[in-house]
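Read the structure below first, then the notes.
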Protein chains: 2
Amino acid sequence: MRIDSYRSNCERCIHLGLCRGTAADEQIAGHRLRVRRHDSLYRAGEHPGNRIYCIRSGSFKLVMARPGDTEQVIGFAMAPDFLGLNTLGAASHGASAVALEDSEVCVIDWDRQSFRGRRQPMQREGLHALLAGEIRRAQQAAMLLHHTHSRQRMAELMLSLSNAYRSNGYSALRFRLPMSRCDIASYIGVSAECVSRLLDQFRRLGMLQLQRRDLTLLDPDALQRMAAGMES
Amino acid sequence: MRIDSYRSNCERCIHLGLCRGTAADEQIAGHRLRVRRHDSLYRAGEHPGNRIYCIRSGSFKLVMARPGDTEQVIGFAMAPDFLGLNTLGAASHGASAVALEDSEVCVIDWDRQSFRGRRQPMQREGLHALLAGEIRRAQQAAMLLHHTHSRQRMAELMLSLSNAYRSNGYSALRFRLPMSRCDIASYIGVSAECVSRLLDQFRRLGMLQLQRRDLTLLDPDALQRMAAGMES
DNA sequence: CGCCCTATTGAATATAATCAACCGCCGTGG
DNA sequence: CCACGGCGGTTGATTATATTCAATAGGGCG
């Protein structure tokens, strides 16, 4: 039963071509891992151990430590994103991956032998595209931060989350924020109080509805204009 | 003469193992390209054409267009950084690469046949490390922006440039800023005027000296503390 | 020399951080 | 069951910070 559901899930996995060989005995994706809310999948500084992860359910925040024991949220990830791609060839994880809710990941063992020897060209190409895509993702995420006004960054974050949910098959207009206000604050570079005020401001402007972490975007176009700085 | 200096430069190139085969006839790096100040090496939206670039001299800014004809500087690059790594497997460039000064790049033709067929494992490994490193670089760059105060972001930028120069064999304390104040402003998400004021503030605090674009860091530790928010 | 472009400076206004108080939900333990 | 405490979140008042608009300075280049 466990096995069946596992296989069936994998067969529907959009990364099938990348993580499994053509024959059953070449299967590389080893096993699943449950990570409970607030637990770390890996921590900054740890050796990556030749593994990457694919989120099957739940969501994570990526946290970097700063000199002076402060922490920065540098990104969010949800199923079916990958985690750990940036550690290929690195001696240690640069950031920690902390589960925002009870989550499950696929562990893909990145053993060099199996990679070099058995993989098909298609898989290699897939990997390159994956890595390149991750660079673009990081750059895209960075763009969010290059705004002078915090309301622009906040609007952009809302839209970016909306896009993420849409492209993963969920509603783009109604979703639950898996992260705390503090996480958002750290991510967009404002104080936690400011997050509250901004969200309240957006609500008063009729752009969204929000109770606790349940978000409804009422006027994505207005958010778009807000992000672009064409609306105060 | 031209050929000689070209070969000699390549033999000193730190990316030798990646961009050339073991035998001379397997050489993949094709040719150099000169890009004049303010010209684009490539533009956002263009097809990448299976090429990546290695900066041999000069420097570039990476610029992304935003809805609403504004532009954002999302990064800087200098020799011997790579450009275009994020376009592997992508249909188009996500950002433009604009030369900040007269520059020269190596064009590495990313032909799939030659890549898949002729490359050595070492080269593939090198590529993965390169791509993963680029992800980390993008994330590192993003960290700079997650500060609440602009003085922290500015201090961090100064340090990050300093590190870049150091790791490329130049002085970490005296260098010339290749980018305009506007570029800096766009990059750290403040107004151009604010850049002036911040630099002046740093100067008055004795952290650096600056005339036009020639920068001398007088107190990197203070800058570090400033970036960490432990100094006003 | 004179122009243009980049950079700087000033004054007024807008924006966000900080400090402090408070609310409400949730889980814990009596 | 309820009381309690802690955490996450909100709100208010004040101060600090950054934008905006406007004017000015100064270098590089024809």
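Numbered from 1 within each chain, the chains take letters A, B, ... in sequence-line order.
Distance NE2 (B:H149) to P (C:dA16): 13 Å, rounded to an integer number of Å. Between B:R176 atom CZ and C:dA7 atom C1' there is a gap of 13 Å when expressed in whole angstrom units. Between A:H38 atom NE2 and C:dC26 atom P there is a gap of 14 Å when expressed in whole angstrom units. One atom, CZ of A:R181, and another, P of C:dC23, lie 19 Å apart when rounded to the nearest Å. One interatomic measurement links the two molecules: CD of B:Q211 to C1' of C:dT8, which rounds to 15 Å at whole-angstrom precision.
Under the 4.0 Å criterion applied to side-chain N and carboxylate O atoms, B:D200 and B:R197 are not assigned as salt-bridge partners. Using a 4.0 Å cut-off between charged nitrogen and carboxylate oxygen, B:R37 and B:D102 do not count as a salt-bridge pair. Between B:R176 and B:D214 there is a salt bridge, since at least one side-chain N of the basic residue sits less than 4.0 Å from a carboxylate O of the acidic one. Note on A:E156 versus B:R66: salt bridge recorded, some NZ/NE/NH1/NH2 to OD/OE distance being below 4.0 Å.
Using a distance-only test at 3.5 Å, with no hydrogens or angles considered, no donor-acceptor pair links the side chain of A:T216 to the main chain of A:R174. Judged by distance alone, with hydrogens and angles left aside, the side-chain atoms of B:S162 form a donor-acceptor pair with the main-chain N or O of B:A172 at under 3.5 Å.
Projected onto DNA chain D by closest heavy-atom contact, B:R212 and A:L210 fall at different nucleotides, the more 5' of which corresponds to A:L210.
In 5' to 3' order, the nucleotides of DNA chain D bounding all contacts with chain A (an atom under 4.0 Å from a heavy atom) are D:dG8 to D:dT20.
Across residues 184-206 of chain B, B:E193, B:S196, B:R197, B:D200 each have a non-hydrogen atom less than 4.0 Å from an atom of DNA chain C (numbered order).
A distance below 6.0 Å separates the ring centres of A:F76 and A:Y187. Proximity of the aromatic rings of B:F175 and B:Y170 is defined here by a centroid distance below 6.0 angstrom, and this criterion is not met.
Among the protein residues, A:R153 comes within range of no part of the nucleic acid, since none of its heavy atoms lies under 4.0 Å from any strand.
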